[in-house]
Each structure stands twice: as C-alpha cells, then as structure tokens.
*Asks:* 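My questions all concern the structure below.
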Amino acid sequence: MHDYLKGLNDRQREAVLTTEGPLMIVAGAGSGKTKVLTTRIAHLMAQGVDAFNILALTFTNKAAAEMKERIGHILGNRESRNLYIGTFHSVFARIMRAEAHRIGYPNAFTIYDTDDAKSVVKAVTNELNLDVQHYKPNAVYNRISSAKNSLVGPKEYMTDYYLQQEDMRANRPMIGHIYDAYSKRCFKNGAMDFDDLLFKMYELLKHFPEVLHKYQHKFKYILIDEYQDTNPAQYEIIKLLGAVHENVCVVGDDAQSIYSFRGATIQNILQFQKDYDEVKVIKLEQNYRSTQNILSIANEIIKNNKGQIPKTLFTENATGEKIKLVRTMTDNDEGKFVADAIQEQKLRYHHNNKDVAILYRTNAQSRSFEESLRRMNIPYTIYGGISFYQRKEIKDYIAYLRIIVNPKDEEALKRIINYPVRGIGKTSVDRAILAANENNISMWQVLENAQMFGFKAGTLTAIEEFVLMIRSFHSMLPTKNAYDIAFHVGKQTAFVKELFNDKSTEGVQRYENVQELLNSIKEFTETPMSEESGEVGDKSLAGYLQQITLLTDADQKDPDADTVKLMTIHAAKGLEFPVVFVGGLEEGLFPNAMSINTREELEEERRLFYVSVTRAKGTLYLSYANTRYKFGNLQQNDPSRFIDEIPMEFIDKSFAGGGVKNHSGQGMMGSAFERMQRGFGSAKTEPKEKTFVSTLLSGNNKPKEVAHVPSPNFVPSDITKLEQGMRVEHQKFGFGEVLKLEGSSHNPVATIKFDENGEKKIMLNYAKLMIVT
DNA sequence: AGTATCCCCATTTTT
DNA sequence: TGGGGATACT
C-alpha cells in the first residue's frame with residue numbers, strides 16, 4: 001500500500017481509490033475533504049496519469065494554492081505544477097487567453113472587476129436615457145449577474161416571460177435593454193466581467209466543437225471542490241468538459257451551501273446524479289476537527305432544515321467543553337467582552353492570537369470588535385476590506401497598464417485620460433465617447449483620429465501627445481516583460497511624481513502602495529510559473545493583468561501571522577480555529593432581516609450558522625447584544641431564534657449569561673446576568689465614552705469658519721495686479737495677506753493667510769478679492 | 001479644475 | 001453612523 005493511503009479512513013480511502021467514473025463525495029464539515037481531494041490527485045499521478053490531464057477547480061485562490069502545495073508534498077516532486085488547479089475563473093481566464101479570438105474578443109482581453117462592471121452599467125443606463133436613481137447600477141448589475149450565472153443572455157432575458165414579469169412588477173422593464181447594451185459595450189471594450197469568464201466559456205465550448213473536443217480530451221480527470229456552491233453555468237461547463245471521459249469527481253456538502261444569493265444551487269447535486277450513469281456516492285461522516293459537543297450542536301442546528309442529504313456526522317474526539325453563550329447590553333459591550341475573553345484565552349489557556357477567530361454575519365459588525373481589540377493591544381487582521389488592487393492609486397496605475405495591453409478598454413481610458421491633468425477635460429471626454437458610440441468605434445480610435453472629430457486646437461494637441469505616449473508604451477509589449485513596462489510607465493507619466501510630492505500622511509501611504517505594486521510586479525516577472533502545455537511562464541504584461549483582477553484581499557494576507565482573524569462567516573468557510581467567537585446572534589441580524597421571507601432563505605441562514613459553529617475545534621463563544629447601533633440609531637434586538645435550537649445541555653451555565661434561555665428580554669436579572677453586566681461594562685458607562693470620542697472627532701478640532709461681513713465699499717480688484725505680501729479682503733474669509741502666487745496664467749492660485757480663517761488656497765479666476773494695500 | 005457640501009443609502013459576495 | 005456620488009461654489 002502506498003504511504004499516502006495510510007492516514008485515511010475506509011471511506012476516505014475508497015474515495016481516493018475510485019478514480020474512474022462519476023463520483024460524488026458528500027463531505028461533512030471537518031471530514032478531511034481537502035485531504036481526500038489532494039490524495040486522490042496524487043494517487044492519480046502515482047498511477048501514471050499525466051498531470052497535464054488533470055483539472056481541479058476550486059472557488060478560492062487560497063484553496064487552489066493549498067491543494068497544489070499539498071500534492072507536491074505528497075509526491076515529493078515538482079510534477080504538481082503541471083496540474084490545472086485553480087479557481088473556475090482563473091482557469092477559464094487562462095483558457096480564454098488562448099481561445100478568445102474565436103468569439104471575437106482580443107486574446108489580451110481585459111477582466112472587469114465589479115467596480116468596472118458597475119461603472120459600465122451606469123454609463124449605458126445613462127446613454128439609454130434611463131434614470132440611474134431608478135435603475136440603480138448595483139441592482140441592475142446583480143440582476144445581469146444572476147442571468148449570466150444561469151446562462152441567460154440578453155436576448156433570452158428580454159424574451160423570458162418570467163423575468164420580464166419580475167421586472168415589470170419592480171417597475172424596471174428596461175433591465176433587459178440595459179443588459180443588452182452592457183454586453184455590447186463590454187464586447188466593444190474587449191472586456192469580460194467575472195460572470196463572462198463562465199458565460200463565454202460555456203458559449204465557446206458550445207459553439208466551437210473543435211475547442212470542446214480539445215479540452216474534453218485534455219482533461220481526462222476533473223475534480224470540483226465546494227460543489228454545493230456551483231451555479232448553473234459552472235454545472236453546464238463541467239458537464240461539457242466531462243462528457244467524454246466522465247471521470248468527474250465532485251466534492252461538496254449540502255449543509256454548507258451558503259452562496260445561493262450568488263446563483264449557486266443545490267439542484268446541481270441532484271442533477272449530477274441524473275445526468276451521469278451510475279454515479280458512485282461516498283459519504284464522509286467522521287469529523288476530525290471538533291469536539292463532540294460542538295458537533296452535537298451542529299447536528300442539532302441542521303436538523304431544523306428540511307430536505308438535507310441524510311448523514312450523521314460523528315467524531316472520536318473528546319467531549320470537550322460546553323459552549324459559552326453571552327448576552328451583553330450593547331454592541332460595544334459585546335466587543336469588550338470578546339476582547340476580554342480573548343485575553344483570558346491567551347493567558348489562561350496559552351492560545352496564540354492566530355488561534356482565535358471572530359465571525360459575524362455582516363462586515364459592519366467588525367467595528368466594535370476592532371475598537372476593543374485595539375484598546376487591549378491585541379493584534380488582529382480583518383478580512384473582507386477593500387483589496388489592495390481596489391485602491392485608487394493602484395487602479396490608476398493599473399489603468400495605464402490595461403490601456404497598453406488593450407486600447408479598447410474604455411473604462412481604463414476614462415480613468416487616466418486626464419490623470420495627471422493634461423488638458424483633456426470632461427467636455428472633451430464626453431465628445432470622444434459620443435463620437436465613439438455614433439461611429440461604432442472605440443474611444444481609443446476616436447483619439448487616434450482626433451482631428452476628424454472637431455476638438456479644439458489645444459485639446460487636439462493634448463490628445464495627440466497622449467496617443468503618442470500610449471503608443472510608445474504599447475510598442476514595448478512584444479519585447480519587454482511586465483515589470484519593465486510598468487517601471488517605464490511610472491517614470492514617463494507624471495502621476496507617480498505627483499504622488500511622491502504629496503507629503504501628507506495619506507500621500508506618503510499612496511506612494512508606498514505604488515512602490516509595493518511595482519515590487520509585486522517585479523516578483524511576478526521573476527518567479528517561475530507552471531509550464532503548462534509547453535507554454536513558457538508568461539511574464540508579459542497581459543499575463544500579469546489577467547491574474548491580478550482575480551485576486552481577492554484574502555489572497556494578499558498572511559494566514560499564518562499571529563493575529564486574531566476577523567471575518568464574515570462566508571469568508572470563514574473552509575477554515576478552522578481552536579477558538580471561535582460568533583457575534584451578533586440577534587433576530588434581524590442573524591438571521592438577517594433580508595433573508596427571512598422564505599423558507600429557502602431562512603434555511604440558508606441556518607446553514608450559515610451551521611458553518612460558523614463547525615469552524616470551532618474546541619472552544620465556541622456565541623454572543624448577542626440587547627441593543628446595537630444601526631445606521632446611527634439605537635436598535636433593540638431579540639436574541640436569534642437559532643439560539644433556541646441549541647439544547648440547554650450543551651450550554652455552559654456556570655458562565656456569565658450562560659443560563660439565560662429566557663429570551664423575552666424581561667425579568668431575567670439573575671445573578672449570572674448581573675455579574676456579566678458588571679464584568680463587561682454596561683450601558684451606563686458606554687455612552688459617556690462615546691460622547692467623548694465623538695466630540696473629539698467631530699466639529700471641534702475642525703477650524704470653524706468665522707463669518708465675515710464685507711466692507712460696504714467692497715469692489716473686486718483686478719487680480720492680475722495681485723502681488724506677494726499684499727493685504728486683501730475676501731468676501732467671505734475677511735482680511736488677509738498674500739503669501740504666495742502660483743498656478744498657470746490661465747488658472748492663477750494665491751495662498752492667503754487670513755486673520756480669522758487661517759491659510760487658504762484661492763482660485764483667482766473665481767474668488768472675488770479686493771486689494772487693500 | 002478642484003473642492004466643499006449636501007443628500008442619499010445602506011445584508012452576505014469565493015471571482 | 002459614514003461613505004459615495006451629484007451638485008454647487010470658488
């Protein structure tokens with residue numbers, strides 16, 4: 001027997017050894033799913049299957065990287081880097097880079113992130129003369145996104161009775177038209193959004209038999225992780241790819257399906273068994289992660305859902321401690337309590353920061369936890385903030401790189417055409433866009449032929465200079481790698497210099513971010529990559545751009561750093577921690593008020609609760625607050641109904657607040673409850689502190705403007721006569737002295753020190769000043 | 001062209 | 001409450 005099979009239980013081993021034919025592994029939480037997947041791939045390779053013939057699809061880059069690493073470890077060689085392991089999106093993007101021309105896209109197509117996509121939605125909504133207040137880009141985009149995830153194109157959308165009815169009822173009958181215009185615009189821009197990477201992949205396989213044939217035969221073995229979270233588009237693609245060999249192995253857990261709002265459907269599990277003959281189903285029911293108590297609670301919770309795949313998770317682990325249920329007066333108290341408890345876990349049980357996770361339903365809840373952790377000097381990392389690549393300065397820089405690779409990328413072009421200021425203002429940009437739409441050419445083509453479109457002479461010169469600059473960058477593409485080009489762009493354009501000259505704290509930070517970006521590009525070009533299909537590691541700028549859009553902020557954080565991890569429950573899926581806090585177990589928050597209207601929604605919330613509980617290995621705290629600030633006003637919340645689904649016997653009653661099961665909110669001032677109140681701060685002390693902080697931050701430290709009544713004889717002077725050192729009167733700011741004169745002749749700016757209002761920069765074209773002396 | 005200000009609006013989000 | 005976007009003002 002191979003060494004790698006030794007650490008497996010019977011079921012796991014069976015899953016690994018079943019290499020041929022369709023296989024569905026129902027893997028309960030903590031049942032060693034990743035171990036089975038990685039061992040199975042390693043086994044395939046040990047049996048002589050070529051790594052080039054194996055495709056493994058995951059949902060996160062992290063999961064993909066981990067799998068790759070573990071397989072390499074099992075095999076002890078470098079073969080694993082020839083595997084096609086990655087997220088659905090990154091693998092399809094890679095294939096698209098070779099095939100996109102077939103569906104009319106440039107092979108160096110741009111990938112639009114959600115911000116880009118929404119911006120395009122907004123632009124086309126405006127162009128259709130629809131009100132963006134009514135057709136909210138966010139909502140419209142989400143609707144388009146679900147359509148694509150169900151493989152519904154614009155034409156089908158507009159003729160689909162049910163969808164049209166829905167839109168009519170919402171009084172948004174034009175969404176189909178926006179969708180159509182959006183798709184056309186993306187195509188014109190040579191850009192695909194995240195959903196297109198699936199949608200277009202499907203179209204490619206569907207309409208180009210030779211392409212389908214090629215990949216069907218390439219991928220003899222296909223493995224899908226987190227199968228319960230796949231959407232119809234992903235399902236159909238897998239079905240097409242796997243149709244020849246039918247060696248499709250899917251791994252999932254219906255109890256952990258928490259992404260239906262993104263189009264995922266558990267139907268795929270049922271459909272899988274219908275679409276393939278003789279699907280072998282293996283259930284992994286032994287949990288290796290959690291204590292018996294935690295597992296029992298999880299089982300009790302999920303019991304309340306109807307229609308689960310029957311399975312009973314069990315463990316040979318110790319019984320473990322009971323869980324701790326804590327009620328606090330306010331959300332801030334909850335934060336304090338958690339920070340205190342973490343301190344206790346560290347001191348008394350010698351846990352490290354990284355052993356602890358704080359999980360919550362919504363990102364907004366992180367604030368109270370952050371504040372208390374900071375106050376106690378407990379280092380933490382928040383997951384789910386904006387990604388490095390979403391920062392303005394980074395997006396600006398990347399927009400330059402994007403326009404070099406794909407000049408049709410209008411979103412990128414709009415971003416940088418006048419940044420830094422080069423005299424191509426809003427009016428000119430609008431004119432260019434209009435001309436592009438009217439002539440059905442790209443905005444870039446308009447700029448290239450600017451003399452034909454009636455720009456003013458000055459603008460024309462500016463545009464010509466800009467076009468020349470981008471062209472000169474573009475000419476570097478065939479010979480230079482990503483770093484060389486990026487570095488050159490940074491040197492040649494003034495905006496990096498501008499950032500460098502900004503010595504404010506944020507300015508310095510922005511400059512450092514740009515440096516970091518360049519470093520990461522350098523790292524990209526210097527790290528050897530997989531040599532898939534004989535391709536040499538792609539160090540081109542296009543290759544770089546393709547991968548960064550698909551990175552998330554979780555990919556940029558070091559999971560091993562010794563910090564407490566704060567994240568939403570969604571983000572915590574697949575992770576485990578010795579100590580887990582789940583906060584905000586309140587009606588309206590968890591289950592969330594937006595998701596209690598149907599049984600399906602409520603059951604998904606419950607699965608979310610199931611996921612949070614099963615993240616814990618040994619210690620689990622659940623907390624909820626009586627009152628919590630929401631959008632600035634205080635809200636009363638009842639304890640979550642999910643708390644009632646936990647049998648009393650698993651709850652630590654000796655613990656503060658633990659015995660509280662009377663959730664009426666009244667008549668429960670038992671001793672434990674009082675002790676808790678005293679220990680973790682009560683509503684009495686909190687508002688005081690809050691007031692203090694808010695006065696410190698708001699208004700008072702801002703210099704107040706002192707009103708000035710202009711002199712009766714106030715007459716604006718000729719600003720060209722202004723000189724340094726003159727005393728002047730300003731209509732609003734009063735009297736002051738001119739410290740400095742700068743700016744160009746057509747836009748002069750004066751720095752004036754006002755007696756009452758401090759230093760201000762005044763644009764002389766607009767402000768009215770009277771020279772006093 | 002840049003900024004200040006006002007007003008509006010808020011689940012979850014692997015990519 | 002607070003962040004973003006449109007608008008108004010300089």
Side-chain angles (χ1 to χ4, degrees), chain A residues 57-64 86-93 111-115 117 119 122 132-133 136-139 142 145 149 192-198 225-226 229-231 234 258-264 359-365 367 383-384 386-387 418-421 423-427 547-555 567-574 584 588-596 601 604-605 607-608 611 628-635 690 694 697-698 705 730-733 743-744 746-747 749-750 760-769:
Chain A
L57 298 173
T58 65
F59 276 82
T60 62
N61 296 301
K62 205 170 56 182
T87 63
F88 279 90
H89 293 83
S90 69
V91 166
F92 295 165
I111 300 173
Y112 277 169
D113 67 16
T114 327
D115 290 339
S119 153
K122 193 174 173 183
V132 287
Q133 295 286 346
K136 294 192 183 80
N138 206 7
N142 284 336
S145 174
N149 286 327
M192 296 194 201
D193 65 20
F194 290 144
D195 304 313
D196 283 332
L197 292 173
L198 309 181
D225 192 15
E226 306 282 12
D229 290 329
T230 52
N231 59 38
Q234 289 161 327
I258 54 174
Y259 279 101
S260 75
F261 70 94
R262 292 284 286 133
L359 310 181
Y360 34 77
R361 179 66 179 80
T362 66
N363 278 314
Q365 285 167 259
R367 237 187 76 189
Y383 287 77
I386 61 158
S387 142
N418 202 31
Y419 178 69
V421 179
I424 310 173
K426 195 178 177 306
T427 325
Q547 57 125 46
I548 53 155
T549 324
L550 299 174
L551 292 178
T552 63
D553 85 318
D555 298 321
M567 62 186 90
T568 62
I569 299 156
H570 284 91
K573 202 174 63 156
L589 189 61
F590 193 14
N592 197 277
M594 311 288 271
S595 310
I596 48 175
E601 284 176 348
E604 179 144 323
E605 292 289 298
R607 290 195 293 271
L608 212 39
V611 168
R628 167 182 305 275
Y629 277 95
K630 193 186 180 189
F631 306 143
N633 30 10
L634 203 58
Q635 274 209 330
K690 184 131 189 135
S694 60
L697 294 179
S698 72
E705 211 162 78
H730 183 277
Q731 263 188 317
K732 213 166 150 188
F733 302 138
S744 52
H746 58 272
N747 186 27
V749 176
K760 287 191 188 298
K761 287 201 174 200
I762 303 289
M763 306 244 181
L764 299 176
N765 283 349
Y766 305 102
K768 292 182 173 53
L769 284 176

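In what follows, every chain begins at residue 1, and chains take the letters A, B, ... in the order their sequences are listed.
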*Asks:* Starting from P on dT12(B), measure out to CD1 on I596(A) and report it in whole angstrom.
*Replies:* 16 Å
*Asks:* How many Å lie between NZ on K136(A) and P on dA6(C), as a whole number?
*Replies:* 13 Å
*Asks:* Is any side-chain heavy atom of F59(A) closer than 4.5 Å to a side-chain heavy atom of T87(A)?
*Replies:* no
*Asks:* Kindly write out the residues that satisfy side-chain contact (heavy atoms from CB on, under 4.5 Å) with N592(A), not counting sequence neighbours, or none if the list is empty.
*Replies:* R361(A), T362(A), M594(A), S595(A), E605(A)
*Asks:* Out of dT14(B), dT11(B), dG2(B), which has the shortest distance to the side chain of D229(A)?
*Replies:* dT14(B)
*Asks:* Which part of the nucleic acid does D555(A) contact within heavy-atom distance under 4.0 Å: base, sugar-phosphate only, or nothing?
*Replies:* sugar-phosphate
*Asks:* With nearest nucleotide decided by heavy atoms, which residue, K573(A) or Q133(A), maps closer to the 5′ end of DNA chain B?
*Replies:* Q133(A)
*Asks:* When we call it a touch if two heavy atoms are under 4.0 Å apart, what does G574(A) touch: a base, just sugar-phosphate, or nothing?
*Replies:* nothing
*Asks:* Once you round it to whole Å, what is the distance between P of dG2(B) and CD1 of I424(A)?
*Replies:* 13 Å
*Asks:* Can you tell me the distance, in whole Å, between the NZ atom of K122(A) and the C1' atom of dG5(C)?
*Replies:* 6 Å
*Asks:* Is there a stack between Y259(A) and dT14(B), judged by ring centres under 5.5 Å and planes under 30°?
*Replies:* yes
*Asks:* To the side chain of F631(A), which of dA10(B), dT12(B), dT14(B) is closest?
*Replies:* dA10(B)
*Asks:* OP1 or OP2 of dT13(B) less than 4.0 angstrom from a side-chain nitrogen or oxygen of T568(A), does that happen here?
*Replies:* yes
*Asks:* Check for a donor-acceptor pair, side chain of Q234(A) on one end and backbone N or O of N231(A) on the other, with a separation under 3.5 Å.
*Replies:* yes
*Asks:* Between dG2(C) atom C1' and R367(A) atom CZ, what is the distance in whole Å?
*Replies:* 8 Å
*Asks:* Indicate, with a heavy-atom threshold strictly under 4.0 Å, whether N61(A) touches base, sugar-phosphate, or nothing.
*Replies:* sugar-phosphate
*Asks:* Going by the rule side-chain contact (heavy atoms from CB on, under 4.5 Å), which residues pair with S387(A) if we only count those two or more places apart in sequence or in a different chain?
*Replies:* Y389(A), Q390(A), D553(A), Q556(A)
*Asks:* Report the distance from atom NE2 of H570(A) to atom P of dT14(B), rounded to the nearest whole Å.
*Replies:* 9 Å
*Asks:* Closest-nucleotide mapping onto DNA chain B: is S595(A) or T60(A) further toward the 5' terminus? I mean the 5' end.
*Replies:* S595(A)
*Asks:* Rounded to the Å, how far apart are N363(A) CG and dT13(B) C1'?
*Replies:* 9 Å
*Asks:* Within the distance-only criterion (no hydrogens, no angle test), does the side chain of N418(A) pair as donor or acceptor with the backbone N or O of G423(A) below 3.5 angstrom?
*Replies:* yes
*Asks:* What is the distance, to the nearest angstrom, from the CZ atom on R628(A) to the P atom on dT1(C)?
*Replies:* 17 Å
